[in-house]
Amino acid sequence: MIEKYNPVEIEARWQKRWADDKLYKVNEASTAPKWYALTMLPYTSGDLHIGHWYAMGPSDVYARFKRMQGYNVLHPMGFDAFGFPAENAAIKRGIHPRVWTMSNIDNMRRQLKSIGAIYDWDREVITCLPEYYKWTQWFFLKLWEAGLAYRSKAPVNWCPTCKAVLANEQVVNGECWRCETPVTRRDLEQWFFKITKYADELMRHDGLDWPERIKTMQANWVGRSEGTEISFALDYPGVEEKEIKVFTTRPDTVFGVTFMVLAPEHPLVAKLTSTACKAAVEAYVEKARHHTEIERLSTEREKDGVFTGAYAVNRLDGEKIPIWIADYVLASYGTGAVMAVPGHDERDFAFAKKYGLPVKEVVASHNSAGCELKEAFLGPGVLVNSSSFDGMDNTMAKAAISEYIEKRDWGKRTVSYKLRDWLISRQRYWGAPIPAIYCPTCGIVPVPEADLPVLLPEDAEFKPTGESPLKYNEGFVNTICPKCGGPAKRETDTMDTFMCSSWYYLRYTSPHFAAGAFDPELLKKWMPVDIYTGGAEHAVMHLFYSRFFIKALRDMGLVTFGEPFTRLFNQGTITADHQKMSKSKGNVVNPDKYVGDLGADTVRSYLMFIGPWEQGGDWDDSGIYGLSRWLNRIWGLALEPYEGIGCGGNDEPGLEDLLRVTHQTIRRVSEDMDRLRFNTMISALMEFSNYIAKVREAGSVTTDNYRSAVRTLLRLLAPTAPHFTEEVWSRLGYEYSIHNQKWPEWSEKLAENREIPLIVQVNGKVREKLTVSADITEAEAKRLAQESPKVKAHTEGKAVVQVIYVPFKLVNIVVR
RNA sequence: GCCGGGGUGGCGGAACUGGCAGACGCAGAGGACUUAAAAUCCUCCGGAGCAAUCCUUGUGGGUUCGAGUCCCUCCCCCGGCACCA
C-alpha cells in the first residue's frame, strides 16, 4: 500500500521549499518573452473570503500556464491599503488605522500564500507606506505641473456617513459606493483632475481585448453628445448679461421653444427673478439644495418648477418666452439651461401640461400634421411653423439651422459630455496627503519634489467631523512656504484612494526603485499589462481612472504607451444564498476551513470547475468532495505500481488509442486555457484520467508508455494543482520542479481519429450510428447508410427524395 | 424605460462555424468488498412506455433535409444605465 494523499502536509512543505528556493522569483536577466499577468489588488479588509480565491486562483493558473509555455511571467501581488473602512474600523476599536491595516495585511498575506500562487513576494506593494505614497504624491505634482490638477469651488457629492466628498463615479444610484448612504450636495472648494480632457480618447478602446460590456459602460459614462449652443436674448436694466446660452441636440426644433428652464443653481436666477416671484423662487432653490441625489434623479417624481417672472427672446422668431427654474435641469451639464420644446420632448411636454404652457408643433410626421399633439412627437418628420425652414426634413434642418445661427453669431455647434472632472480631495485621515501649501503671499504652492513624501502624522485625532482631521494637527498644518520662506499652511485633505490604485501596476515592475516611481527601462520591458483580471464593478472607477492616468503620463512623456491593460477579463461573483457576500450580512464564506480539510489544490480546482469563470455562481460546497476524490484517484493512478504488457513487445494494443487521447487532451486543455475556460479544461483532464484508469485496468500498454501518459497528465494539471502535482512528480523520481517543465505540445497527426462516428438520419431523425473510417468517401458513406437494416426499416416502401451528406459527420435520408 | 448577458435533467454545467442534446462532476438508486460502517470499486440515473417508439433545451410561431444554436412574439432572471436637454 502506498501512502495516502495528505494535502495539508504536502502543501505546507512545498510552499516552504518553493519560497526557500525562490522558485517563482522573476528573472530579470531572462531573454524569454515577457508576460505581465495582473490580478486586481485586494483592499485590506481583514480576511480573504472565497470570492478572493475565485479572483486569485484561476488567474494564477493562467499565469502558471504561460510560465510553463516559456514566458517570463510577472504575476505580482500587493495591497490597496488606504481608505475609509480602515479608519472606521480603527475608530470603532480604538486602534490606529495603520496598526489595523498592517495586521490585516499580515493575515491576508498568510491566506494568500496558502493559495500556492507564483507571486514573487519580493515585489509586494503596499499603498499606505511612505515609500509608496511618496510617488503617489509625486504623480499629483506631475499632474498639477501638466495643468491637469486644479482647485475649484463646486457643488459636490457629500456622503454624510463617510463625512467626505465623493467623485461622480463613486455615487451609485445616488448612494455612496461604499456605505450606500444617500448622497447630498455641498458647495466646497476641492481638488480636481481634468479627466474630461481625455473624454474622447476614454470612450475609444482601439486595439484592446476588453469585454464589450465594460467598453459600453465607459463610453456611456463619457456620454458624448453633439449639439448646438444657442443664445437667447435678455434685456433687463441692471442685468449685465444680455443673453442666456442653452445647449440642445435638437436645433431643428428651435422654432418650437415656448419657455426656457434654468437649473436652480444657475448664476442668473437671482439676477433675473422679479420681485413678485422672489419668494417662490428662493423657496424652490432652497428646497432643491436639500434634495438628495436620489430624490433629484428619480424619474418617478413629477417634474416641478417655478416661474422667475423674467423673459428671454428667441432670436430666430422674436418670440418672448418665459424663464422658469426646475431641478430636472442640471447645473453641471451643458450650460445649465435648456430651451423647452414641449411639442418634441417628453419632459418639456409634461412640464408644459402641468403649468399650462403652450405646446407648438414644429416637426410634423406624414400622417399627423395639423392635429393637436397628445404627447411629444420624437420621430423624424418635416418642419412646420418654422419660417423659411418649413418643409425641410428635420435631420437636414439640424445642420441648416445651426449654420443659420452660426452665421449670425447667435451660437455654435458644440459637443457636451456627461463626464465630469475627477474630484480627488477627501476630508479624512487615512490617505496620502495632498502635497500643496497655502501661502498668504504666494498663493497655492506645490510641495517641492525633494520634500516628498509629505508624511501622514501618526498622532492625529482621526474622528470624522466633515473636515480633515489633519486640520487640527498643528505640527502638520503649519509649515513654511517653499517660495518665500514665510509661514504657510498645508493642504489637509487626503487623496482619493483610487489615486493610489491608478498606478500601482507600474510600481510592480521595479518595486524598490528609489530614484523614481518606476525604473523607466523595466517599465518599458514589462508594460503594458498583458492580461488584467478582476471584478466588473470597477468599470467606471478604477479601470477608468487608470486609463486616464496612463494617457496623462504618456502626454508628459513619462510612458510610451497609451493604454495600461491590453486584455481585460472580468470574473463573475461568488454569491452565498444568491446574495452578495458581505460582513454585514454575515454570509461570508471563509476558505480556510476547506483548505485545512481538503487542501488548496482541491479548492482551486473546485472553484474553476463550477462553471465559466466570467459567470461566477452561488457557493455550494457539496461538489467539492468530487474534486478531492478526483485528485485522490490520480494519486493512485500515478503512484500505485502498474502491471502492463511486457516491455519491448511489439504487440501493444492500447498504444495508438492512448496516444490519440493524450494528444487530443493536450490540445483541448491548451485551447481552453487560452480562452480562460477552466471548467471545460478540468473536464478534459477528468476524461483523460478516466481513460488512463481504463488503460490501467486493461494493462494494454507498456509501463513506459503508461508512465509517459501519466507524466503528461501531471504537467497539464500542474497549473491547477501545483502542490499535488509537485508531490507526485517528486515521488515518481522526476526532476524538480514540475513547474519548470515545458508545457506539453500536441501533434495534430497523433490527435487525428482513425475511425469516426457517422450519424444516419431519416427525415432528420437519428436512426443509426455507424463507425466508419476517417477517410471515408461521400459515396461510400451514403451506401453504408442506406444499407443499414435500422435505416431500411424506416425507408422501406418510401421514395428517397434526397440524401444529404455532411462530410465525416452525418447522412440524412429524406423520404416521402 | 433603454442597453448588455442569460433561461438546457433533482443540482452545477457541456454542446467548435446549424448536424448524436445532457460531456464532466454532484446528489440519488442498486451491487461488490467488510463482522459492521466509512473509504474504494462496478452498474443505473431527463420523462412516458412491456417494447418498438414517442416526447424533451422558458413561451408561441417561422426559416431549414435538420434548430439548444438563426429570425420574429411574449414571459422570467441577472448586471449596467437612467430627467444629460
Side-chain angles (χ1 to χ4, degrees), chain A residues 4 172-174 211-217 219-221 223-225 227 246-250 253 261 263 296-301 303 326-330 332-341 344-348 350-351 416-420 536-537 539-540 570 572-573 575 578 605-606 609-612 614-618 620-627 629-630 632-633 636 668 671 675 677 679-690 693 697 757-769 793 801-815:
Chain A
K4 273 190 69 183
V172 179
N173 295 325
E212 225 34 64
R213 191 164 58 111
I214 303 289
K215 292 197 276 186
T216 309
M217 279 166 73
N220 289 342
W221 188 256
R224 179 191 161 96
S225 58
V246 301
F247 173 77
T248 182
T249 54
R250 294 292 307 272
T253 64
V261 189
R296 212 167 149 166
L297 286 174
S298 167
T299 41
E300 251 88 291
R301 191 166 65 95
K303 289 170 205 3
D327 65 3
Y328 77 87
V329 176
L330 308 173
S332 55
Y333 183 78
T335 61
V338 300
M339 60 179 219
V341 184
H344 305 284
D345 182 282
E346 283 175 3
R347 294 155 302 180
D348 298 344
F351 198 84
S416 275
Y417 298 90
K418 207 189 97 167
L419 181 67
R420 304 268 70 88
E537 67 275 14
V540 295
N570 299 120
T573 316
T575 53
H578 303 281
S605 313
Y606 179 58
F609 186 64
I610 51 175
E614 68 267 30
Q615 216 174 287
D618 202 49
D620 169 10
D621 65 12
S622 62
I624 198 169
Y625 305 99
L627 274 292
R629 280 202 284 269
W630 176 54
N632 270 294
R633 275 199 300 276
R668 281 173 70 185
E671 286 173 356
R675 292 160 52 218
R677 293 299 294 249
N679 56 330
T680 48
M681 182 270 288
I682 291 183
S683 295
L685 288 176
M686 285 175 168
E687 285 178 57
F688 188 35
S689 69
N690 290 346
E697 186 82 7
L758 184 73
I759 304 307
V760 185
Q761 299 181 333
V762 177
N763 288 349
K765 288 196 167 144
V766 180
R767 296 301 177 189
E768 174 70 299
K769 298 168 189 182
V801 183
Q802 200 184 352
V803 179
I804 288 152
Y805 177 62
V806 181
F808 315 116
K809 272 189 182 155
L810 164 144
V811 177
N812 186 13
I813 300 159
V814 185
V815 295

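Lettering of chains follows the sequences in order, A, B, ..., and the numbering in each one begins at 1.
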In whole angstrom, what separates A:Arg224's CZ from B:A85's C1'? 17 Å
Side chain of A:Gln615 - closest among B:G13, B:A85, B:G66: B:G13
By side chain to side chain donor-acceptor pair (under 3.5 Å) - contacts of A:Asn812 (at least two apart): none
Interatomic distance, A:Met339 CE vs B:C83 P [rounded to whole Å]: 20 Å
Heavy atoms only, 4.0 Å cut-off, all strands: where does A:Val814 land among base, sugar-phosphate and nothing? sugar-phosphate
Summarise protein proximity over nucleotides 20-32 of chain B in one line of letters, 5' to 3': B for base, S for sugar-phosphate only, - for none, counting protein heavy atoms closer than 4.0 Å. BS-BBSSS-----
Partner set under ring pair (Phe, Tyr, Trp, His ring centres under 6.0 Å) for A:Tyr606, not counting sequence neighbours: A:Trp619
Rounded off to whole Å, could you give me the CE-to-C1' distance for the A:Met217 and B:A82 pair? 13 Å
Categorize A:Ser225 for me: base, sugar-phosphate, or nothing, with a 4.0 angstrom heavy-atom threshold over every strand shown. sugar-phosphate
Can you name the atoms? Protein N/O to nucleotides 2-11 of chain B N/O, anything below 3.5 Å, with the distance.
none

Interatomic distance at C1', B:G5 relative to B:A52, whole Å: 44 Å
Residue mapping more 5' on RNA chain B - nearest nucleotide basis, A:Asn763 or A:Arg420: A:Asn763
Could you state the atom-to-atom distance from CG of A:Asp348 to C1' of B:A85 in whole Å? 7 Å
What distance, rounded to whole Å, do you find between the two P atoms, one in B:G6 and one in B:C72? 15 Å
Stems for RNA chain B (at least 3 consecutive Watson-Crick or G-U pairs, under 3.5 Å) come to B:1-7 with B:75-81, B:10-12 with B:24-26, B:28-32 with B:40-44, B:46-48 with B:53-55, B:60-62 with B:70-72
Write down the protein N/O and nucleotide N/O pairs, taken from nucleotides 51-57 of chain B, whose separation is under 3.5 Å; answer none if there are no such pairs.
{"residue": "B:C54", "atom": "OP1", "partner": "A:Arg767", "partner atom": "NH2", "Å": "3.1"}
{"residue": "B:C54", "atom": "OP2", "partner": "A:Arg767", "partner atom": "NH1", "Å": "3.3"}

By salt bridge (charged side-chain N to carboxylate O under 4.0 Å, His left out), A:Glu687 pairs with (sequence neighbours left out) A:Arg668
Between B:G9 and B:A27, how far is it from one C1' atom to the other, in whole Å? 12 Å
Using the test side chain to side chain donor-acceptor pair (under 3.5 Å), find all partners of A:Ser683 that sit at least two apart in sequence or belong to another chain. none
Any residue meeting salt bridge (charged side-chain N to carboxylate O under 4.0 Å, His left out) with A:Glu212, in chain and number order, not counting sequence neighbours: A:Lys215
Separation of the C1' atoms in B:C45 and B:G79, to the nearest angstrom: 36 Å
Holding to salt bridge (charged side-chain N to carboxylate O under 4.0 Å, His left out), I want the full list of residues that pass it with A:Arg675, two or more places apart in sequence or in another chain. A:Asp672
What pairs with A:Arg250 under salt bridge (charged side-chain N to carboxylate O under 4.0 Å, His left out), at least two apart in sequence or on another chain? A:Asp252
Do A:Lys303 and A:Val329 come close enough that some side-chain heavy atom pair is under 4.5 Å? no
Mind listing the N/O atom pairs, protein and nucleotides 43-45 of chain B, below 3.5 Å?
none

Suppose you measure atom P in B:A29 against the same atom in B:A39; what distance do you get, rounded to whole Å? 13 Å
Between B:U63 and B:A15, how far apart are the P atoms? Round to whole Å, please. 30 Å
